[in-house]
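Quick notes on the structure that follows.
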Amino acid sequence: MSIFQKTTIALARSPAVGQAMRAMAARTSLAGRFVGGADVDEAVRTAERLREAHGIRASLFYLGEYVADRAAIDHNVNQAIDACRALAGAGLDVHVSVDPTAIGYMRDDALGEENARRIGTAMQRFGGQRGQRGQGRDWLVLDMEDSGIRDRTCALHRTLLEAGIPAGLTLQARRRRTPEDLAWAIRQRTSLRLVKGAFPERALDHAGRARIDQAYLDAAAIMLSREARESGFYPVFGTHDDRLAGAIIDLARERGWPAGSFEFEMLYGVRPDWQIALRRLGYNVRVYLPFGADWWPYAIRRVGENPRNAWLLARSLKSD
Ligand code: FAD
């Protein structure tokens, strides 16, 4: 992808820039648009509103990526566990997304794995206490970051599944290697979230938007194969691209996947009208709902995806 997007990723990771931005504004209106709450209670209230108003489900994500400090890692893990507790308390799906770099992998793999197990176990425990409602939709979903952590994320996914934890994985259509990972995943009782990919690396990726979109559709066809259906695999399409969603709906119909047997997932605050429209058509829709105070890396990445958000960011910082 563009130099622009690479620059925004570098900005997102810069501690100095992040600190300066946080000092300038505790929470800008850009953050308000894309972040579902400053803390877990506010995030769960947002999730409840979406569920009640539109039947849209949520996956909670605590904003705390790329940390090596032990106290920060523990804090991130505790927030994810709190999210599981609060979601179950509200009778919602116990569905959380985590970045491996936020829960220990920046420090030591064994710590990251132990923390992922802790979150997964909490998810199962709280989901069990909630009772029947929403069962089968509780997942701990691993986000996919840059290629430096890709193999370890895939290995963690397998380890969690082997431990009986309902763990899902995110795969990036832009990476040429994705069909290989898919071939394994569709034979498991797991959930896989397919995204275009936000970490461009020219040596590893398909080149150009048209090629990436085609790779997305090719991967979607594998996820909607008969083999996947027979394994109890749950396909999730993480995209705001209505052309792709339309093609996926056609393919799912053609292959006999009922509307409730797969899901579209979008970022909170991005194309909300399209989220509601898909729901009205009877499709499962979930939003990826970030919460917490550390909004800067997340917000600047949204600018990388859509430069129009830069205007929103500039305006909100100016008015603060
Ligand atoms: P695009 O072609 O980028 O966009 C389609 C349409 O949606 C366009 O009209 C565009 O303007 C609009 N749009 C897209 N994004 C935005 C935005 N931020 N603001 C406003 N409008 C927008 N990437 C990873 O690498 N790893 C992950 O783990 C990961 N997890 C994700 C989880 C979910 C639920 C989603 C939805 C995305 C995730 N992403 C992740 C980001 C993803 O890789 C893409 O960068 C992002 O979704 C944009 O691609 P798109 O499919 O929406 O298509």
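Start at 1 and go down the list; that is how both ligands and their atoms are numbered. Every value quoted in this text rests on a predicted model; they were computed, and no experiment measured them.
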Quiz item: Can you hop from L194 to L251 via hydrophobic side chains spaced under 4.5 Å?
Solution: yes

Exercise. May I ask whether E145 has any heavy atom positioned less than 4.0 angstrom from an atom of ligand 1?
Key: no

Quiz item: Would V195 and I212 show up in the same hydrophobic cluster when neighbours are defined by side-chain heavy atoms closer than 4.5 Å?
Solution: no

Quiz item: What do you reckon, are the aromatic ring centroids of F262 and Y234 less than 6.0 Å apart?
Solution: no

Self-check item: Numbered atoms and elements of ligand 1 in range of G197, under 4.0 angstrom, heavy atoms
Solution: 25 (O), 42 (C), 43 (O), 45 (O)

Quiz prompt | Connected via hydrophobic side-chain network under 4.5 Å: W184 and L171 | solution = no

Quiz item: Is the cationic atom of R279 (NZ for Lys, CZ for Arg) positioned less than 6.0 Å from the six-membered ring centroid of W274 and within 45 degrees of its normal?
Solution: no

Quiz prompt | Shortest heavy-atom approach to atom 47 (O) of ligand 1 - which of K196, H240, R174 | solution = H240

Quiz prompt | Proximal atoms of ligand 1 relative to D241 (non-hydrogen, under 4.0 Å) | solution = 2 (O), 5 (C)

Exercise. Determine, considering heavy atoms only, which of D213, L194, L267 sits nearest to atom 35 (C) of ligand 1.
Key: L267

Exercise. Could you tell me whether the side chains of R229 and S261 share a donor-acceptor contact shorter than 3.5 Å?
Key: no

Quiz item: Any nitrogen or oxygen of V195, main chain or side chain, under 3.5 Å from a nitrogen or oxygen of ligand 1?
Solution: no

Quiz prompt | For F291, the option from L63, V44, L60 that meets side-chain contact (heavy atoms from CB on, under 4.5 Å) | solution = L60

Quiz item: Given R286, M144, R175, which has its nearest heavy atom closest to atom 27 (C) of ligand 1?
Solution: M144

Quiz item: What part of T239 sits under 4.0 Å from ligand 1 if we count only heavy atoms: the side chain, the backbone, both or neither?
Solution: both

Quiz item: What atoms of ligand 1 come within less than 4.0 Å of a heavy atom belonging to T170?
Solution: 27 (C), 28 (O)

Quiz item: Is there at least one pair of N or O atoms, one from R271 and one from ligand 1, spaced under 3.5 Å apart?
Solution: no

Self-check item: From R193, Q172, R209 - option closest to atom 32 (C) of ligand 1 by heavy atom
Solution: R193

Quiz item: After noting the C-alpha distance and the side-chain angles of F61 and Y288, does the key distance pass the ring pair (Phe, Tyr, Trp, His ring centres under 6.0 Å) rule?
Solution: CA-CA 7 Å; F61 167 76; Y288 182 97; 5.2 Å; yes

Quiz item: Hey, which atoms in ligand 1 end up nearer than 4.0 Å to a heavy atom of A198?
Solution: 23 (N), 24 (C), 25 (O), 43 (O), 45 (O)

